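Take a look at the structure below.
Please read all numbers here as calculations on a predicted model, not as lab measurements. The figures here come from the full heavy-atom set of this structure, side chains too, leaving out hydrogens, waters and symmetry mates.
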Amino acid sequence: MLFYWFLKFVAIGPAVRLVFRPRAEGREHVPADGAAILASNHLSAADWIFMPLSLRRRVTFLAKAEYFTGRGVKGRLQRAFFSGAGQVPIDRSSATAAEGAIRTGIGILEQGRLLGIYPEGTRSPDGRLYRGKTGVARMTLETGAPVVPVAMTYTPRRMPFGSRLPRVCVRFGEPLDFSRYEGLAGDRFVERSITDEIMYEVMTLSGQEYVDVYGASVKKAQAAGGRPGVLPPPAGEAGDRAPDTLAG
């Protein structure tokens, strides 16, 4: 716990603020206490640094287990860093592992903490916003925690001597309350509806183009030499529509 605040206010935070001068909008939408889910788009490996720096409260993220399993001195240092920085390891290798990640997130929320998650499940491969996974819906339905949509934006800015640094902005939207669906956790149509509503709000905040395909599928297609634009959407869905509040 102390290491988290040391990183935020002494070791990393001041330097990041000095160099990047990140701007935050809508911080008043984040509850001052109690559980809440911060559901963000995911454009950069640095997203998890800029978002917590915008808030007074500690934010806990679910991070891939590989960050915590390294060996040797480097592995121990990496494990200590990510643990101290508020990251909790999750296994993403199977459906069973995904259920475990959801239960971990629910446990964090039941402790009254802020949980930061990326519904897309992976960094965007091309800057567009991709289909959200329904784990975020399960978490809000089972805990009653509000969902605060978050948009990370990075705008190039020219610096002296021809160098470039991104202008970083973190936008927090108004909390989304899904209490109208109380008792419907596990209903896949309800969970898809909730997830689409969250992604719509993130899209509105970020200004990104939305693609109704999972980002991980695009990355696999790219690795195989395919073109993201020709990927088929999930069965029964239009691939180029924006998310809405109706069940997908």
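Closest approach of Pro119 and Ser40 over heavy atoms only: CD-O, 3.3 Å. Between Arg138 and Gly186, the closest heavy-atom pair is CD-N, 4.0 Å. In plain terms, the two heavy atoms of Phe172 and Gly26 that are nearest each other are CB-O, 3.3 Å. Contact record, Pro125 with Gln222: CB-OE1, 3.6 Å, taken as the closest heavy-atom pair. Among all heavy-atom pairs drawn from Gly135 and Ile102, the shortest one is CA-CD1, 3.9 Å. Residue Pro175 comes nearest to Pro146 through the heavy atom pair CB-CB, 4.2 Å, listed as atom of the first residue, atom of the second, then distance.
Under the 4.5 Å side-chain heavy-atom criterion for Ile, Leu, Val, Met, Phe, Trp and Tyr, Val170 and Leu205 are members of distinct hydrophobic clusters.
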Thr153 and Arg171: CA distance, side-chain angles, deciding distance, side chain to side chain contact (heavy atoms under 4.5 Å, CB included) verdict: CA-CA 8 Å; Thr153 64; Arg171 295 191 180 97; 3.2 Å; yes
For the pair Leu55 and Leu38, evaluate side chain to side chain contact (heavy atoms under 4.5 Å, CB included) and give the outcome as yes or no after the intermediate values. CA-CA 11 Å; Leu55 301 171; Leu38 305 180; 3.8 Å; yes
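Around the CD atom of Glu182, the shell of radius 6.0 Å holds no more than 12 heavy atoms that belong to other residues, nucleotides or ligands.
Interatomic distance, CZ of Arg27 versus OG of Ser54, reported as 6.5 Å (0.5 Å rounding). Annotation: the span from Arg57 atom CZ to Asp33 atom CG amounts to 6.5 Å, rounded to 0.5 Å. Of the inter-residue distances, the one linking Ser124 atom OG with Met152 atom CE reads 13.5 Å to the nearest 0.5 angstrom. Separation of atoms CZ (Phe178) and CD1 (Ile198) is listed at 4.5 Å; rounding is to 0.5 Å. Atom CG of Leu109 is separated from atom OG1 of Thr104 by 11.0 Å, given to the nearest 0.5 angstrom. Rounding to the nearest 0.5 Å places OG1 of Thr140 at 11.5 Å from OH of Tyr181.
Using a 4.5 Å heavy-atom cutoff, the side chains of Arg128 and Glu120 are not in contact. No side-chain heavy atom of Arg123 sits less than 4.5 Å from a side-chain heavy atom of Tyr118. In this structure, the side chains of Tyr200 and Leu129 stay at 4.5 Å or more apart for every pair of heavy atoms. When side chains are defined from C-beta on, Val213 does not count as touching Arg131, because their heavy atoms never get closer than 4.5 Å. Annotation: side chain of Thr122 is not in contact with side chain of His42 (no heavy-atom distance under 4.5 Å). By the 4.5 Å heavy-atom criterion applied to side chains, Glu28 and Glu174 are not counted as neighbours. Two residues are said to be in side-chain contact when any heavy atoms from C-beta on lie closer than 4.5 Å; Ser217 and Tyr130 fail this criterion. Between Leu114 and Pro52, the closest side-chain pair of non-hydrogen atoms is not below 4.5 Å.
Using the six-membered ring where Trp is involved, Phe50 and Phe20 have ring planes that are perpendicular, over 60° apart on the 30 and 60° scheme. A perpendicular orientation is assigned to the rings of Trp48 and Phe61, their planes being inclined by more than 60° (bins at 30° and 60°).
Between Glu142 and Arg103 there is a salt bridge, with a side-chain nitrogen of the basic residue lying less than 4.0 Å from a carboxylate oxygen of the acidic one.
With hydrogens and angles ignored, the 3.5 Å screen pairs a side-chain donor or acceptor of Gln208 with a backbone N or O of Gly127. With hydrogens and angles disregarded, no donor-acceptor distance shorter than 3.5 Å links the side chain of Asp196 to the backbone of Ser193. For Arg180 (side chain) and Asp177 (main-chain N/O), a donor-acceptor pair under 3.5 Å exists by modelled atom type. Between the side chain of Thr195 and the backbone N or O of Glu191, at least one donor-acceptor pair lies under 3.5 Å. Judged purely by atom type and a 3.5 angstrom limit, Glu201 has no side-chain atom pairing as donor or acceptor with the backbone of Gly173.
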